[in-house]
Amino acid sequence: MKTNYIFITGGVVSSLGKGIAAASLGAILEARNLDVTIIKLDPYINVDPGTISPIQHGEVFVTEDGSETDLDLGHYERFITTKMTKKNNFTTGSIYSEVLEKERRGDYLGETIQIIPHITNAIKNRIIEGSKNKKIAIIEIGGTVGDIESLPFLEAIRQMAVDLRRKNVMYIHLTLLPYISVSKEIKTKPTQHSVKQLLSIGIQPDVLICRSEKKISKKEKEKIALFCNIIKKAVISLQDTDSIYKIPIFLNKQGLDDYICNYFKLKVPKANLSIWKKVVFLESNTNKKIKIGMIGKYIELPDAYKSIIEALRHAGIKTKISVNIKLIDSEKIDNKKTKIFKKLDGILIPGGFGNRGINGKLLAIKYARENNLPYFGICLGMHLALIEFIRNVIGIKEADSTEFNKNCKFPIIHKMRNEEKNIEMNSMNFGGTMRLGGQLCILKKNSLVYEIYKKKQIVERYRHRYQINKKLLKEIENNDLLLSGKSKKNKSIEIFELKNHSWFIACQFHPEFNSNPKNGHPLFIDFVKKSFSLNKKNNFKI
Ligand code: GLN
């Protein structure tokens, strides 16, 4: 199948929402019956984002096939139906490591290895490989035009128009039009400069998507078109919006998908955006409200919890409940400061690494358990929920995780082991060595999770190095603790719940990676529903 390539670059400033624009474009093209994929190219030297702190680039998104990828892949999966794989994201670091490995093997037969052609060829091969069998491949180039780091990517995509013929390749440039409130005007100069910079490396954009505070007028579009050498209808306005799910509709209204289909000479039906219209309608027509406290240590950058925040929003869309998410810094919670929990309808503790802030999280879990407040623990939030239960209900105060205290006396959470060889797994490298990706989990009948999922087997995505110590757990007898999800062959405990509680579910996997605005996710939907229905004093109709 011949693939049509759409390259998206960014200009003027970073953080303009290129990922969301790429995903939204994918959504409208999919709504025209086109088979779409999206690939993200990241200019940094890390081999993948797995070792980067979430405070720097936001969460690490885990794909079904077990790769640790940029958070933009989360947007792609929420907007299009194609599942992302390890081929949908690569970094400069991974390209260099591939080329250097080949050089050491002697694959280049005595050649001098250079950025052009060796690095650029490796980039082009990965793009082509990731786009195989798709009618449309949208390729998002991370960073901003003008960065030293992204130059090899830009050179590679320039060459692709030569290799594949210009008509099979489209360049979209996403740029910022600043609004000067004193003079009440939108400024086009930075965009003109950004396009000039692209031109100097041989790329003439075909489409400009202009991010701005306000919608840009026809006159301004005409001016930009003239100065940037672009036809008028290919200048698209993308103003700030209260919901990212409105963006496919914005882009479609301005004819972007028509322009693209004509450009590539694709004979396809008009876009059917009814699903997106429904999502937007439901989102703005909620009639109830709840407040969920999310307790974490990366709260200065909410993108660190992007998929969870979106999954709660999706649950709100499905239940007509507006979910107000309060991000609470776990380091600011102590014994005297638990008042904050009184205002909440539910508590969620997301994944995390290391021991900073765990005491605050343990206090939050204790509060939820003792006050019958819905509790949702994800990965680290599961480990801590078990530690809290064993310390405060069973009475074993030494219960801990070896992640926080290597020599603890009751390591109820410990590093995953290779049971056959009786050794700790992955003790050498940090990068890419956790248990990663989609795996089967078997649910216990007569459990809350079984009732919620309504099936016996589920596949969810994992990303962890530590797990429940099954041997030690056997020493504990408590009728309240229900082990409701196990891996295949009973190897590890994946979910536990508390029986004498309104809603207390702790899972080893990350359900947030499987939520999308059209369907939501059963666990998030039930958590939101229960949080609303239980706490009569807080919930109210809007
Ligand atoms: N730090 C824990 C582990 O490595 C939990 C990981 C997570 O929350 N994703 O097992």
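Remember, it's a predicted structure, so these values are computed and weren't measured experimentally. Counting starts at 1 for both ligands and their atoms, following the listed order.
Nearest heavy atom pair, residue S515 against residue R78, reads O-CG, 3.7 Å.
In this structure, the ring of H501 has its center no less than 6.0 angstrom from the ring center of Y375.
For the pair P374 and L534, the minimum side-chain heavy-atom distance is below 4.5 Å.
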| request: Any chance you could lay out the side chain to side chain donor-acceptor pair (under 3.5 Å) test for S401 and H383, step after step, and finish with the verdict? | output: CA-CA 8 Å; S401 163; H383 295 175; 5.2 Å; no
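Residues with a heavy atom under 4.0 Å from ligand 1: G351, G352, F353, C379, L380, H383, E403, R463, H464, R465, Y466, H510.
By the 6.0 Å and 45° rule, R461 does not stack over the aromatic ring of F513.
Listed by chain and residue number, nothing satisfies the salt bridge (Lys or Arg N to Asp or Glu O under 4.0 Å) test with E30 (two or more places apart in sequence, or in another chain).
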